[in-house]
2 protein chains.
Amino acid sequence: MDLKLATEIGKCLSNNPRLQILEWLKEPEKNFPPHETLKHFNDGVCVTYIQEKAGLSQSTISTYLTNMEKCGLLIMTRHGKWSYFKRNEELLRQYAEFLL
Amino acid sequence: MDLKLATEIGKCLSNNPRLQILEWLKEPEKNFPPHETLKHFNDGVCVTYIQEKAGLSQSTISTYLTNMEKCGLLIMTRHGKWSYFKRNEELLRQYAEFLL
DNA sequence: TCTATATATCGAGAATTATAGATATATTGT
DNA sequence: ACAATATATCTATAATTCTCGATATATAGA
């Protein structure tokens with residue numbers, strides 16, 4: 001973890017909706033409905049559910065999730081036409097360690 | 001630690017100079033000269049030394065440090081005409097815990 | 001292939017942040 | 001009280017971020 005990456009992570013964490021999403025994804029099964037097709041939360045939650053819960057536009061949420069994935073905060077898995085996002089706990093631990 | 005505070009902390013951590021300052025303050029004695037008047041680093045480092053090392057204007061650094069102090073990331077102690085800033089390790093731990 | 005659904009990307013205007021210089025305030029020493 | 005030094009605050013401009021609607025791409029099913 002270097003300063004540059006840590007700053008990028010900080011940018012993702014500096015905005016209310018993004019931070020809220022990261023919190024929701026701590027417990028997907030408590031915060032989101034079960035997906036009709038996929039029966040588990042192993043790979044997280046699809047964009048539409050996150051978008052609906054956040055109440056922002058589809059493009060905004062898609063951009064947020066993509067950005068968070070680019071700096072490593074989220075891990076994306078594609079299943080058919082859905083993109084699932086889950087937290088990257090390992091990177092979060094590294095970031096927390098960097099701060100302390 | 002609630003979402004609102006965590007977002008404010010994230011904002012402080014989302015900018016290179018501020019994050020760098022927080023890193024420098026992990027080891028003040030390695031990153032800053034000893035102060036002429038105060039002989040220890042118990043309360044951190046004065047604004048001028050941080051400003052010189054960061055290479056940004058006095059007003060910018062003063063604003064940054066004040067903002068970081070307001071959200072609790074830094075602790076300020078006034079000694080005569082100098083303001084010393086040090087890390088608030090306790091809040092950093094709480095923030096790290098919030099993220100994980 | 002055509003249609004519907006899910007997600008991603010593009011382009012733009014509004015809002016916020018970064019940063020500086022000027023000025024104000026606080027403290028110390030003469 | 002006055003001068004010097006350290007820090008804080010004010011004001012303004014440039015840069016970045018926020019957020020959206022429009023559009024493009026990808027996938028699945030009829």
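Residue numbers begin at 1 in each chain, while the letters A, B, ... track the order of the sequences.
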Expressed as a whole number of angstroms, how long is the span from [X]:[atom1] to [N]:[atom2]?
X	N	atom1	atom2	result
B:Q51	C:dA20	CD	C1'	12 Å
A:H35	C:dT5	NE2	C1'	11 Å
B:L65	D:dT9	CG	C1'	14 Å
A:L19	D:dC18	CG	P	12 Å
B:N16	D:dT16	CG	P	13 Å
B:D43	D:dT7	CG	P	14 Å
A:I61	D:dG21	CD1	C1'	15 Å
B:K70	D:dA8	NZ	P	10 Å

- Task: Anything under 30° is parallel, anything over 60° is perpendicular, the rest tilted; go ahead and classify B:Y84 against B:H79.
- Result: perpendicular
Scan [X] against the nucleic acid and name what it touches under 4.0 Å (heavy atoms): base, sugar-phosphate only, or nothing.
X	result
A:L56	sugar-phosphate
B:S57	base
B:T63	base

- Can a donor-acceptor pair be found between the side chains of B:S57 and B:T60 at a distance below 3.5 Å? yes
- State, without any angle test, whether A:S62 and A:S59 hold a side-chain donor-acceptor pair at a distance under 3.5 Å. no
- Would you indicate which nucleotide in D:dA8, C:dT9, C:dA18 comes nearest to any side-chain atom of A:S62? C:dT9
- Can you figure out which of D:dA6, C:dA6, C:dT7 approaches the side chain of A:K81 most closely? C:dA6
- Pick the nucleotide of DNA chain D nearest each of A:H79 and A:Q58; which residue has the one closer to the 5' end? A:Q58
- Task: Could you check A:G55 against A:G80 and say which one's nearest nucleotide on DNA chain D is further toward the 5' end?
- Result: A:G55
- Starting from the C-alpha separation in whole Å, work towards a yes-or-no answer on side chain to side chain contact (heavy atoms under 4.5 Å, CB included) for B:V47 and B:W82. CA-CA 7 Å; B:V47 179; B:W82 293 278; over 6 Å; no
For [N] and [X] - does any side-chain N or O of the residue sit under 4.0 Å from the phosphate oxygens OP1/OP2?
X	N	result
B:Y49	D:dA6	no
A:T60	D:dT19	no
A:Y84	C:dT7	no
B:S59	D:dA8	no
A:N15	D:dT17	no
B:R78	D:dA6	no

- Message: Would you say that A:Q58 contacts A:T48 through its side chain, given a criterion of any heavy-atom pair below 4.5 Å between the two side chains?
- Response: no
- Query: Side-chain heavy atoms under 4.5 angstrom apart, residues restricted to Ile, Leu, Val, Met, Phe, Trp, Tyr: same cluster for B:I75 and B:V45?
  - Reply: no
